There are 4 protein chains.
Amino acid sequence: MTDETVSTWPPRRARTKGDKRYALIYETAARLFHEKGYEATTLDDLASEVGLRKGSLYHYIDSKEDLLFRIVDHTHRFFLEVVAQVVDAARSPLDEIFAIAAAHSRFAVENFYITSAFYSDRAALSADRRRAISRTRDAYEAKVRDLIREGQGRGEIADDLDPTLAARGLLGMLNSIQQRHRLSKEMTPDAVAEEYSRLCVRALRP
Amino acid sequence: MTDETVSTWPPRRARTKGDKRYALIYETAARLFHEKGYEATTLDDLASEVGLRKGSLYHYIDSKEDLLFRIVDHTHRFFLEVVAQVVDAARSPLDEIFAIAAAHSRFAVENFYITSAFYSDRAALSADRRRAISRTRDAYEAKVRDLIREGQGRGEIADDLDPTLAARGLLGMLNSIQQRHRLSKEMTPDAVAEEYSRLCVRALRP
Amino acid sequence: MTDETVSTWPPRRARTKGDKRYALIYETAARLFHEKGYEATTLDDLASEVGLRKGSLYHYIDSKEDLLFRIVDHTHRFFLEVVAQVVDAARSPLDEIFAIAAAHSRFAVENFYITSAFYSDRAALSADRRRAISRTRDAYEAKVRDLIREGQGRGEIADDLDPTLAARGLLGMLNSIQQRHRLSKEMTPDAVAEEYSRLCVRALRP
Amino acid sequence: MTDETVSTWPPRRARTKGDKRYALIYETAARLFHEKGYEATTLDDLASEVGLRKGSLYHYIDSKEDLLFRIVDHTHRFFLEVVAQVVDAARSPLDEIFAIAAAHSRFAVENFYITSAFYSDRAALSADRRRAISRTRDAYEAKVRDLIREGQGRGEIADDLDPTLAARGLLGMLNSIQQRHRLSKEMTPDAVAEEYSRLCVRALRP
DNA sequence: GATGAATGAGGTTTCATTCAT
DNA sequence: GATGAATGAAACCTCATTCAT
């Protein structure tokens with residue numbers, strides 16, 4: 001669980017030639033969890049979509065919960081990376097928020113299946129894992145909140161906003177993307193990213 | 001399913017007089033669905049929280065799915081009513097959006113359990129019922145989209161926004177409220193409503 | 001359970017003014033058992049057909065099984081009476097068989113609901129009661145078998161028939177009546193009785 | 001449901017090779033349905049008789065009702081085949097009836113468990129399946145009725161019999177066989193078949 | 001690696017029966 | 001006499017998981 005890098009999807013296990021099927025299983029699982037919910041998705045559903053029998057899945061996964069965790073965890077790590085990258089002192093807080101919103105949106109459109117699981121099926125995770133996910137979410141939210149505060153200090157962001165509420169509002173908006181938008185000709189990642197980050201920064205301006 | 005009024009919760013069964021247990025069951029169910037998800041909530045959980053045995057629940061519900069539907073349907077009807085009420089020619093489109101956002105937010109904070117089920121467990125509903133819910137959501141979204149277009153026509157709302165994307169963004173934000181906010185001394189319905197409707201209208205301004 | 005007379009239906013309990021409803025319950029139960037089977041008939045079904053709620057039935061019955069037993073037991077006693085009445089030394093064995101077959105047929109057409117339960121839902125009865133029913137059936141069969149043997153002795157009945165098999169065959173035929181025939185203008189008890197007793201005696205002739 | 005042949009029992013599933021347990025399940029189910037009735041037989045009963053746990057049965061069956069249907073359907077198909085085979089222009093109608101009765105009887109004695117379910121637990125089947133079974137029974141009855149009519153035309157069968165009633169009477173007799181007779185040293189299929197077909201043709205003769 | 005068989009725990013639902021009102 | 005509420009046992013069925021082959 002510690003050897004995956006954020007930039008590969010699905011998270012790698014051993015480097016075997018079964019990697020292609022391995023990827024297929026994780027992608028299909030993410031889609032099914034998105035479509036039917038984690039609890040309502042059976043391993044039989046998953047197995048038959050990837051052309052295996054139920055029992056054979058256990059060559060690729062440890063458990064159903066572990067499958068969910070790996071998917072969630074991947075999104076998780078990606079968001080951490082995003083935040084890390086935009087911490088760039090050269091930019092203003094509002095610019096950072098714009099950059100975060102754009103990266104978040106783009107990722108959500110491109111990976112809407114896996115993003116979808118991020119906030120919806122936490123209940124199925126073990127208490128430990130759930131706590132881990134919550135910690136990341138809180139850190140993410142805290143980062144945005146701090147940027148808002150900083151922006152208020154600099155007069156870039158309206159004074160009358162409550163930083164906590166505003167941060168949650170913006171992230172709530174960004175986290176709804178994968179519910180409604182998916183890749184299509186009109187709905188390019190860039191178009192969506194542009195629109196949502198615009199909404200975010202305008203909402204904050206004095 | 002057609003005789004409930006929006007203003008009573010939980011939806012009343014015709015023949016039942018002031019049935020406290022009936023109300024308790026629906027409220028507890030809404031809370032449990034919120035906390036653990038619909039699939040992960042068992043009727044045993046529900047029964048023991050309301051002080052009954054599993055079998056006894058069936059005096060009050062038809063099925064687990066029906067229980068979910070009644071909860072979702074109630075939110076459903078409330079949102080329709082909200083939209084109906086703000087159709088007030090005297091106001092400008094932006095004012096209407098503000099009014100919708102405020103009413104939506106206030107309801108979400110006051111009824112976060114039942115609102116929570118609205119967008120999260122649709123998958124568990126029968127195809128028919130799911131379609132019914134989707135239709136309402138689409139109508140709601142359409143209303144907001146039209147107001148945005150109208151506001152753009154009047155120059156009240158920024159021209160460079162895509163009305164569809166913007167409408168979804170705002171509603172996505174509003175629908176995230178119950179995930180993060182619940183009633184407390186600092187988190188009054190009014191405070192949240194004020195903040196979120198402010199974010200909404202500011203996000204749209206030219 | 002011992003105070004009922006064969007000639008009244010339904011079996012009487014206390015002589016109260018609720019007797020009409022009492023009768024209705026037993027008749028309706030017999031019909032439902034016939035239509036859906038004993039196990040598949042619920043007391044809710046029965047209650048709603050007689051215009052009561054489930055709990056109220058218990059003013060009229062002791063238990064569901066008891067209800068079945070009373071119905072079966074009544075048929076039971078009737079057949080015993082039939083056999084007793086035709087034991088008339090003046091007649092020949094074949095005439096007695098004719099008389100039994102005619103009485104049996106007529107009863108089956110007139111009371112097809114209650115007759116139907118006789119042979120079909122024995123499994124639901126307690127071991128004791130099941131044994132009691134079997135004993136009567138065996139006595140009934142023995143009577144017919146003996147008449148066949150006697151008829152063979154007198155040359156009235158074909159020698160090459162096995163009395164046991166033949167008796168079972170005839171009774172099997174008679175017991176199938178209520179499965180296929182019910183009262184109608186063409187299907188009068190007399191017409192059916194005539195036909196079936198004719199088949200019985202002809203089947204036996206040398 | 002369409003690939004089974006009449007000559008194999010239990011109905012084979014396409015992919016299964018010589019599966020002894022599969023056969024055992026169907027045979028045991030037929031016996032239990034015969035002994036206790038369909039509704040009163042639980043899958044726990046069945047599972048423990050075949051040495052499995054309840055859940056494991058579902059590798060072999062789709063549902064309890066499906067299990068019943070397959071058993072009933074098999075008898076069903078057998079009777080159709082019997083009727084088809086005796087359609088032999090060379091024989092007289094009475095000979096055909098004799099042949100049908102003999103084949104029916106022999107099958108009933110040899111397969112009394114599965115035959116037993118044929119006419120007793122129809123109520124448990126879905127409306128569609130029940131209708132299918134009734135259609136076959138009616139066709140079977142119609143065949144016998146027509147043979148009786150034809151025989152009357154030729155003077156082989158008594159004129160005063162009603163073909164419908166007589167056909168039902170004979171089939172009622174044949175369908176009672178498995179209630180009372182099962183394989184034993186004295187009760188060979190041939191002895192029973194001989195006796196019952198004799199009763200049938202004698203009952204009809206002028 | 002793949003599978004069919006088996007499991008066992010647990011889920012929703014039904015229903016005969018009891019009882020206070 | 002009638003009922004609504006409650007019960008608890010048991011029913012059918014599902015499914016994640018294990019394992020021998």
Side-chain angles (χ1 to χ4, degrees), chain A residues 16-18 21-22 38-47 50-68 124, chain B residues 13 15-17 19 21-22 39-47 50-67 124, chain C residues 16-18 21-22 38-47 50-68 124, chain D residues 13 15-17 19 21-22 39-47 50-67 124:
Chain A
T16 70
K17 49 184 177 160
R21 195 163 254 170
Y22 187 70
Y38 170 78
E39 297 278 0
T41 301
T42 72
L43 291 185
D44 249 341
D45 294 338
L46 176 56
V50 301
L52 287 175
R53 310 292 162 138
K54 194 166 38 166
S56 316
L57 284 178
Y58 283 81
H59 290 291
Y60 301 94
I61 69 173
D62 290 343
S63 71
K64 193 187 173 192
E65 191 232 344
D66 181 67
L67 185 54
L68 173 63
Chain B
R13 289 212 287 202
R15 58 175 183 65
T16 318
K17 36 190 177 66
D19 203 337
R21 202 160 244 168
Y22 187 71
E39 298 278 0
T41 301
T42 74
L43 292 183
D44 245 343
D45 294 339
L46 176 55
V50 299
L52 287 176
R53 311 290 160 150
K54 204 169 24 171
S56 315
L57 284 178
Y58 283 81
H59 283 285
Y60 302 93
I61 69 173
D62 290 342
S63 69
K64 194 188 173 191
E65 191 232 344
D66 182 68
L67 183 54
Chain C
T16 71
K17 50 184 176 157
R21 195 163 255 170
Y22 188 71
Y38 170 79
E39 298 278 0
T41 300
T42 72
L43 291 185
D44 248 341
D45 293 338
L46 176 57
V50 301
L52 287 175
R53 310 294 162 135
K54 193 167 39 166
S56 316
L57 285 178
Y58 283 82
H59 291 289
Y60 301 94
I61 69 173
D62 290 344
S63 71
K64 193 187 173 191
E65 191 233 344
D66 182 67
L67 185 54
L68 173 62
Chain D
R13 288 211 288 201
R15 59 176 182 63
T16 318
K17 36 185 185 103
D19 201 337
R21 201 160 243 168
Y22 187 71
E39 298 277 0
T41 301
T42 73
L43 291 183
D44 246 341
D45 294 338
L46 177 55
V50 300
L52 286 175
R53 311 292 159 148
K54 203 171 19 173
S56 315
L57 284 179
Y58 285 82
H59 283 286
Y60 301 94
I61 69 173
D62 288 343
S63 68
K64 193 187 173 190
E65 191 232 343
D66 183 67
L67 183 54

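Just so we're on the same page: letters track the sequence lines, and every chain starts at 1. Nothing here was measured: the structure is a model prediction, and the numbers come from that model.
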Next item on the list: Round to the nearest Å and state the distance from D:H59 atom NE2 to E:dG8 atom C1'.
Entry: 12 Å
Item checked: Any side-chain heavy-atom pair of D:Y22 and D:H59 under 4.5 Å -> no
Notebook entry, point to check: Got a second to check how far B:K54's NZ is from B:S56's OG, nearest 0.5 Å?
Noted result: 11.0 Å
Check: Roughly, in whole Å, what's the span from CG in C:L57 to P in F:dA2?
Finding: 10 Å
Notebook entry, point to check: How close or far is atom P of E:dA2 from atom OH of A:Y22, stated in whole angstroms?
Noted result: 14 Å
Notebook entry, point to check: Closest heavy-atom contact between C:R21 and C:L52?
Noted result: NH1-CD2, 3.5 Å
Notebook entry, point to check: Rounded to the nearest 0.5 Å, how far apart are OH of C:Y38 and CG of C:L67?
Noted result: 7.5 Å
Next item on the list: Check whether any side-chain nitrogen or oxygen of D:Y60 sits under 4.0 Å from OP1 or OP2 of E:dA6, and answer yes or no.
Entry: yes
Checklist line | Contact state string [nucleotides 16-21 of chain F, B base, S sugar-phosphate only, - no protein heavy atom under 4.0 Å] | finding: BBB---
Next item on the list: Please report the closest heavy-atom contact between B:Y58 and B:S63, naming both atoms and the distance.
Entry: CE2-CA, 4.3 Å
Checklist line | Audit row: A:L43, A:K64, side chain to side chain contact (heavy atoms under 4.5 Å, CB included) steps and yes/no | finding: CA-CA 8 Å; A:L43 291 185; A:K64 193 187 173 192; 4.0 Å; yes
Margin query: Applying side chain to side chain donor-acceptor pair (under 3.5 Å), can you list everything that pairs with D:D45, at least two apart in sequence or on another chain?
Written below: D:K36, D:T42
Next item on the list: Give a yes/no answer on whether the side chain of A:R53 brings an N or O atom under 4.0 Å of OP1 or OP2 in E:dA2.
Entry: no
Margin query: Given F:dT3, E:dA6, E:dG8, identify the nucleotide with an atom nearest to the side chain of D:L52.
Written below: E:dA6
Note to self: According to side-chain contact (heavy atoms from CB on, under 4.5 Å), who are the partners of A:A47, at least two apart in sequence or on a separate chain?
What the structure shows: A:L57
Check: In dot-bracket form, how is DNA chain F paired, counting a Watson-Crick or G-U wobble pair only if both its distances are under 3.5 Å and using | for bases paired to another strand?
Finding: .||||||||||||||||||||
